[in-house]
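To start, the structure itself, in structure tokens.
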Protein chains: 4
Amino acid sequence: MKKRQVHASVKDERLIEKRRDQMIKGAVSLFKEKGFHRTTTREIAKEAGFSIGTLYEYIRTKEDVLYLVCDRIYDQVGERLQEELDMKRGNLESLKSAIRYYFRVMDEMQDEVLVMYQEAKSLSKDALPYVLNKELAMVAMFEQVIRNCMTAEGISMKEQQIQLMAHNIFVQGQMWGFRRWVLHRHFELEAYIEGQIELLVHGLTKGENVKNGSLSSN
Amino acid sequence: MKKRQVHASVKDERLIEKRRDQMIKGAVSLFKEKGFHRTTTREIAKEAGFSIGTLYEYIRTKEDVLYLVCDRIYDQVGERLQEELDMKRGNLESLKSAIRYYFRVMDEMQDEVLVMYQEAKSLSKDALPYVLNKELAMVAMFEQVIRNCMTAEGISMKEQQIQLMAHNIFVQGQMWGFRRWVLHRHFELEAYIEGQIELLVHGLTKGENVKNGSLSSN
Amino acid sequence: MKKRQVHASVKDERLIEKRRDQMIKGAVSLFKEKGFHRTTTREIAKEAGFSIGTLYEYIRTKEDVLYLVCDRIYDQVGERLQEELDMKRGNLESLKSAIRYYFRVMDEMQDEVLVMYQEAKSLSKDALPYVLNKELAMVAMFEQVIRNCMTAEGISMKEQQIQLMAHNIFVQGQMWGFRRWVLHRHFELEAYIEGQIELLVHGLTKGENVKNGSLSSN
Amino acid sequence: MKKRQVHASVKDERLIEKRRDQMIKGAVSLFKEKGFHRTTTREIAKEAGFSIGTLYEYIRTKEDVLYLVCDRIYDQVGERLQEELDMKRGNLESLKSAIRYYFRVMDEMQDEVLVMYQEAKSLSKDALPYVLNKELAMVAMFEQVIRNCMTAEGISMKEQQIQLMAHNIFVQGQMWGFRRWVLHRHFELEAYIEGQIELLVHGLTKGENVKNGSLSSN
DNA sequence: CATGAATGAGCCTTCATTCAT
DNA sequence: GATGAATGAAGGCTCATTCAT
């Protein structure tokens, strides 16, 4: 899926890049504080350091700002994750370490993620797919890591279960941000990470000490 | 925590109940479609079947509608969950069946949950705690079920892990709603439920067929 | 000029009288506090001790309440003044004592007078004349007292000057109320009264101690 | 007391001055006709010659318009009065001529004064003091003129009486505006002026033709 | 007669967007 | 390219008035 283009009146590409950087930086900070809808374009322009007129030289509508913000955040997270994954082989340790890395990124980019998470739904039917697509790509990365891990460790798992686990990992990373109001009260980041990894790997059945030898479902 | 009261000019309690029902029903459907901010009070009134003047006989501000909606949804989910849990003993089967029940409720109330999930953040600093508190109560229910299950099955688990698992279950239920755009593409409800239960119970390590006998972390 | 009739749906004249009493009393207190425009009909009804529906059984529009209030106040002031004047002969002492009496009434009815003074202009073009007429009648009373006094004291004064003086007295009485924010800071009521009487009677030229024997104007 | 600042979004001070001039002019004319409360902000904008949006670039609330109007009127009256007084020595003639001047200004600015007089009470508790303060300053000017006059003419008068007389002059000037509905029926401006001066200077006791040689009070 | 729920016109204010300079 | 004044559609909310019970 091609990148959705946001129209700018200005021609100088270098300038566009620069101005949009300022814009996104300011917008994230404002959206974090008051949300997309409660933030005005004037505020965005001011926070970015230029006039409202100039703002509109680089976007067409307010929603463009939101799109640009979401796009940027996904790109950053995605890139960092990709780099990390490129360096790994594909065993269980790799998976764990990918998860650790991802969770830590999510911790660092907490504000951005929270913003994106809460405001993405305000994107128009037109822009949303582009953003969701990036999300899908990230989930797919985890699927691949899990798949590699399965192979390496000789574990077999249905494709659906792999997908599901990838989704869970992905959401649990975001969770650390969007449920911080409660999680940060009870967990340090590292404890959260190791706790989730533990559950992911073993589930309820830590070890063999199960009563009657079987935990079969249904 | 006492219930936050939303002021109504009208005295008749029965009428208040009735009108607020209409209002909430209409609001949920509108919020689902266009979000809280893009929905006007006039639209809410119209959808509810009365005039804008009447709407404001039963609330004070637009935000009250959102609070009422969130409050109602949590109450409904919470009540249904509580009823279900009251009927169960406390073994693993109970836990699974509670999860199944919860996920099915979340499926039924998909729209409501999605709305609440995306819009709750628009609640004022004043109203938010009341809503979050209800969420906490629901998470606590799951904690208790898990704890009972552990005892019954003779499994031991750290308190923190229990909390974490409860959070995961809770969020995975919501996930079915707020990530429907992708999950429903790949899963039937029942498949999703059984898949999640499977991961929850066994994690990655389905059975004993692990390569070198150990999957210990770190 | 006939009394302007305010329509009431209710027939029982005694009841009308009673309800309007309650209404006026409540309204004065509210108008005093927040002015006519900032007072709602609901508040008036509540303060009067009955429902909004009942209020509208005794008036047709909100403005009727204002008219009723103004009418009532003028009647009360007018009646008391008339009584007092009836008892007096017509010399200078009578004039002074009428002024004293009037100023004291204005002090007692300060709130009412203030209300009427500030809100009368909100009366419709229809109702205003009736109220202004009562004011004129009161000014005329003073004119008569002054005229009597002139005759009795053997002073001659042009008719226009008499009118002017009557207006001045009338306005100075109201002044005690509507400029209370400053006057009450510097004057006790009695000092104000005697001060004004002194100026009224002697003007600038207290006694004979004028420099060069003449203070003729122009 | 510092000037209360009314916030404007627009930066250009020259433009602010110009737009506010238009605004005030339009507002006075509307307030005169229908009062502050019955005038809508849209009407003010239209009368001023720009859009509602533009109006709000130069004020924050409707009440700001009222404040601006009152402020402007007091400034104009105050300035003109000050200029006049600066040119005078301080004898009786000066006083008379100051009064004449003041009354004529009040005649010219009749509409403005009427508006201010009737609507000032609608100012918030916050803004009112600034306006009342200007009024006090004007009264103080008259006090000074009277005091000078007393000295020059060798008349002695208690300080309180001077204050009172200053208030009377001030209110009588306004009276010409706010009681025009009756005064203009019976007086030409010049007749009103000379009549009031006459009463002010001599009071009731024009000359010596008093019956029994004494008009002592009490 | 009394009540109070219902109505909707209309008000104040905001803010995304444009465009002349 | 940059600026910021101007615009007006649209939104939240109020409140005088009506009318069925």
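Letters go in sequence order (proteins before strands), and every chain restarts at 1. Scope of the values below: all heavy atoms of this structure, side chains included, with no hydrogens, waters or symmetry mates. Since the structure is predicted, the reported quantities are computational estimates derived from the model, not experimental observations.
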Worksheet entry | Lys/Arg N to Asp/Glu carboxylate O, C:Arg42 vs B:Glu57, below 4.0 Å |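 Looking at C:Arg42 and B:Glu57, the cut-off is met.
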Worksheet item: Under a 4.0 Å N-O cut-off, is there an ion pair linking B:Arg4 with B:Asp71?
Response: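 No salt bridge links B:Arg4 with B:Asp71.
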Worksheet item: Taking for each residue the nucleotide of DNA chain E with the nearest heavy atom, is it B:Asp12 or C:Tyr58 whose nucleotide lies nearer the 5' end?
Response: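 Going by which nucleotide is closer to the 5' end, it is C:Tyr58.
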Worksheet entry | Distance flag, aromatic centroids of D:Tyr130 and D:Tyr74, threshold under 6.0 Å |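 No, the ring centres sit 6.0 Å or more apart.
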Worksheet entry | B/S/- contact track for nucleotides 9-16 of chain E, protein heavy atom under 4.0 Å | BBSBBBSB
Worksheet item: If you look at every heavy atom in B:Leu123 and B:Ala127, which pair is closest and at what distance?
Response: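 Closest approach of B:Leu123 to B:Ala127, heavy atoms only: CD2-CB, 4.2 Å.
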Worksheet entry | Nearest heavy atoms of C:His37 and C:Ser122, plus distance in Å |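 For C:His37 versus C:Ser122, the nearest heavy atoms are CE1-OG, 3.1 Å.
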Donor-acceptor check, side chain of [X] to backbone of [Y], threshold 3.5 angstrom: yes or no?
X: A:Glu63; Y: A:Ser124; answer: yes
X: A:Arg38; Y: A:Glu33; answer: no
X: A:Lys62; Y: A:Phe36; answer: yes

Worksheet item: chain A on DNA chain F: first and last contacting nucleotide, 5' to 3', under 4.0 Å to a heavy atom?
Response: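 Boundary nucleotides touching chain A, in 5' to 3' order, are F:dG1 to F:dA6.
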Discussion item. Does C:Ser9 reach a base, just sugar-phosphate, or nothing at all? Heavy atoms under 4.0 Å.
Written reply: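 Contact class for C:Ser9: none.
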Worksheet item: Reading DNA chain F 5' to 3', how would its secondary structure be written in dot-bracket notation, given Watson-Crick and G-U pairs with both distances under 3.5 Å, brackets [ ] for crossing pairs and | for partners on other strands?
Response: .||||||||||||||||||||
Fill in: The single option from D:Lys18, D:Arg19, D:Arg20 passing side chain to side chain contact (heavy atoms under 4.5 Å, CB included) against D:Ile16
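Exactly one candidate clears the test, D:Arg20.
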Practice prompt. Just say parallel, tilted or perpendicular for the rings of B:Phe178 and A:Tyr117, cut-offs at 30° and 60°.
Written response: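 Aromatic pair B:Phe178/A:Tyr117 classed perpendicular.
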